[in-house]
K.L.:
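Questions regarding the structure given below will be posed in turn.
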Amino acid sequence: MSKAADRPSYDVVLVEDVPRQQIVELLQAAFGPAKTADHYTWKHVEGPWGPSRGWVAVDGDAVLGARLIVPWRLALDGRSFAASRAMDGAVTPAARGRGVFSGLVRREMSHLAAAERWHVLYSTSVPASREAYRRLGWTILEPRPSVLSVRLPRRPALVEEIDPRTVQPTIPAGRLHTDWDARGLGWRVDPRSGHRYEAVQLRNGGSRLLYRRTTLRGVPVLVVVVRTGPPEEQSALLGAACARGRCGAVILQALDPATSARPRVVSGSTVSVWQQEGPDAPVDARAGGNWTFTGADLEGVL
Ligand SMILES: CC(C)(COP(=O)(O)OP(=O)(O)OC[C@H]1O[C@@H](n2cnc3c(N)ncnc32)[C@H](O)[C@@H]1OP(=O)(O)O)[C@@H](O)C(=O)NCCC(=O)NCCS
């Protein structure tokens with residue numbers, strides 16, 4: 001049978017037209033039990049930039065697939081722009097490989113194109129969705145590596161606990177980045193995300209660190225989400241935070257030679273980008289060099 005003839009018949013409806021429990025069950029089946037109803041509410045109902053849009057493929061009462069779109073905000077040199085992040089997309093195993101996911105993404109692209117203004121839609125994507133995005137004309141940016149860096153412990157008393165919402169990333173000029181503010185960061189570190197975040201500040205410096213603890217092959221490590229402050233304070237900051245969290249190593253977004261003599265890449269995030277062109281475009285979002293991503297953008301949010 002040809003692929004077209006094999007295509008399942010379905011209607012596309014908005015996510016609010018489907019019982020929420022059905023969407024939660026679809027996401028749980030695809031990603032595991034961590035995708036609870038509470039997690040869904042946190043991510044898709046109470047997001048800092050409004051509730052998610054969602055396109056759902058239905059066959060009668062049955063849900064075949066869904067593509068959720070989280071309203072996001074990007075900033076560039078002090079200007080702020082509405083954007084969108086595709087997070088949580090899944091198709092039931094029986095309906096996979098027949099264009100359902102691509103059809104739902106295409107629906108969102110048409111929705112954004114209708115506004116006829118510059119808009120960036122992006123996603124941190126896994127291999128299967130990445131290939132679908134590539135075929136839809138998206139740009140796949142160079143992977144952003146996470147590196148493991150062993151830390152020498154420092155005195156835990158060098159740091160004090162602070163409010164995670166105060167750890168705003170510092171972004172170089174000319175780079176597109178998430179427009180995090182205290183409200184956005186408060187949402188980002190909500191325990192319903194499935195992670196417990198902490199933040200500390202160097203007592204005699206002011207450099208700040210937002211992180212969570214995890215284990216890598218049974219060994220406790222600290223995952224850096226955002227860090228601020230001058231390079232000469234980073235060693236004390238990370239060492240003291242590690243000692244405080246009883247971790248011997250940190251995982252950092254992006255290769256940064258300053259953090260370790262011999263960093264080891266442990267994973268990578270691949271960001272796929274589509275931009276709706278418009279006369280008001282301030283930058284080309286399809287060029288990876290025009291972006292700065294921090295852990296707040298990449299770790300633990302897919
Ligand atoms: C990823 C997923 C949503 C794809 O749904 P789908 O409806 O099967 O996707 P499509 O049929 O639209 O596939 C479009 C293209 O993606 C690629 N693709 C799909 N599944 C793939 C896989 N398992 N491996 C590699 N490429 C794949 C193919 O290139 C395909 O094009 P083709 O059919 O012309 O070969 C589905 O496999 C899924 O639910 N996976 C589990 C959850 C997940 O990983 N979600 C993505 C992260 S948000």
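Values below: every heavy atom of this structure, side chains too, minus hydrogens, waters and symmetry copies. Both counts, for ligands and for their atoms, begin at 1 and track the order of listing. Computed from a predicted structure; not experimentally measured.
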K.L.:
Would V18 and V63 count as a side chain to side chain contact (heavy atoms under 4.5 Å, CB included) if you check the C-alpha gap in whole Å, the side-chain angles of each, and the deciding distance to 0.1 Å?
P.N.:
CA-CA 8 Å; V18 177; V63 166; 3.7 Å; yes
K.L.:
Report the relative orientation of the aromatic rings in F293 and Y122; use parallel for angles under 30°, tilted for 30 to 60°, perpendicular for over 60°.
P.N.:
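Correct class here is tilted.
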K.L.:
Nearest 0.5 Å please: distance from the CZ atom of R98 over to the OG atom of S9.
P.N.:
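It comes to 9.5 Å.
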K.L.:
Could you tell me whether some N/O pair between S129 and ligand 1 is separated by less than 3.5 angstrom?
P.N.:
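It does not: no N or O of S129 is found under 3.5 Å from an N or O of ligand 1.
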K.L.:
With heavy atoms of A132 as the reference, note each atom of ligand 1 found under 4.0 Å away.
P.N.:
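Reading through ligand 1 atom by atom, the close ones are 14 (C), 15 (C), 16 (O).
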K.L.:
For ligand 1, does R106 get within less than 4.0 Å through its side chain, its backbone, both, or neither, judged by non-hydrogen atoms?
P.N.:
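Neither part.
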K.L.:
Which atoms of ligand 1 sit under 4.0 Å from any heavy atom of R67?
P.N.:
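Here the atoms of ligand 1 in question are 48 (S).
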K.L.:
May I ask you to list the atoms of ligand 1 that are less than 4.0 angstrom from any heavy atom of S102?
P.N.:
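Answer for ligand 1: 10 (P), 12 (O), 13 (O), 14 (C).
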K.L.:
Distance from T214 atom OG1 to L222 atom CG, nearest 0.5 Å?
P.N.:
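These two atoms lie 10.0 Å from each other.
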K.L.:
Which one holds for M87 and ligand 1: side chain close, backbone close, both close, or neither close, with close meaning a heavy atom under 4.0 Å?
P.N.:
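Under 4.0 Å from ligand 1, M87 contributes no heavy atoms.
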K.L.:
Is there a donor-acceptor contact under 3.5 Å linking the side chains of R208 and T166?
P.N.:
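Yes.
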K.L.:
Is any NZ, NE, NH1 or NH2 atom of the basic residue among R188 and E299 found under 4.0 Å from an Asp or Glu carboxylate oxygen of the other?
P.N.:
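Yes, charged N to carboxylate O under 4.0 Å.
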K.L.:
Is G99 close to ligand 1, meaning an N/O of one under 3.5 Å from an N/O of the other?
P.N.:
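Yes.
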K.L.:
For ligand 1, is there an N or O atom under 3.5 Å from any N or O atom of A95?
P.N.:
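For ligand 1, there is no N or O atom that lies under 3.5 Å from one belonging to A95.
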K.L.:
Using a 6.0 Å cut-off, check whether atom CD of E232 has over 12 heavy atoms from anything other than its own residue.
P.N.:
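Correct, the count exceeds 12.
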K.L.:
Please identify which atoms of ligand 1 are closer than 4.0 Å to at least one heavy atom of G97.
P.N.:
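Every atom of ligand 1 under 4.0 Å from some heavy atom of G97: 6 (P), 8 (O), 11 (O).
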K.L.:
Polar-atom distance check: G89 versus ligand 1, any N or O pair below 3.5 Å?
P.N.:
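Yes, at least one N or O pair falls under 3.5 Å.
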K.L.:
Below 6.0 angstrom between ring centroids: does that apply to W180 and W49?
P.N.:
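Aromatic pair counts; centres sit under 6.0 Å.
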K.L.:
Give the numbers and elements of all ligand 1 atoms closer than 4.0 Å to a heavy atom of V126.
P.N.:
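Here the atoms of ligand 1 in question are 44 (O), 46 (C), 47 (C).
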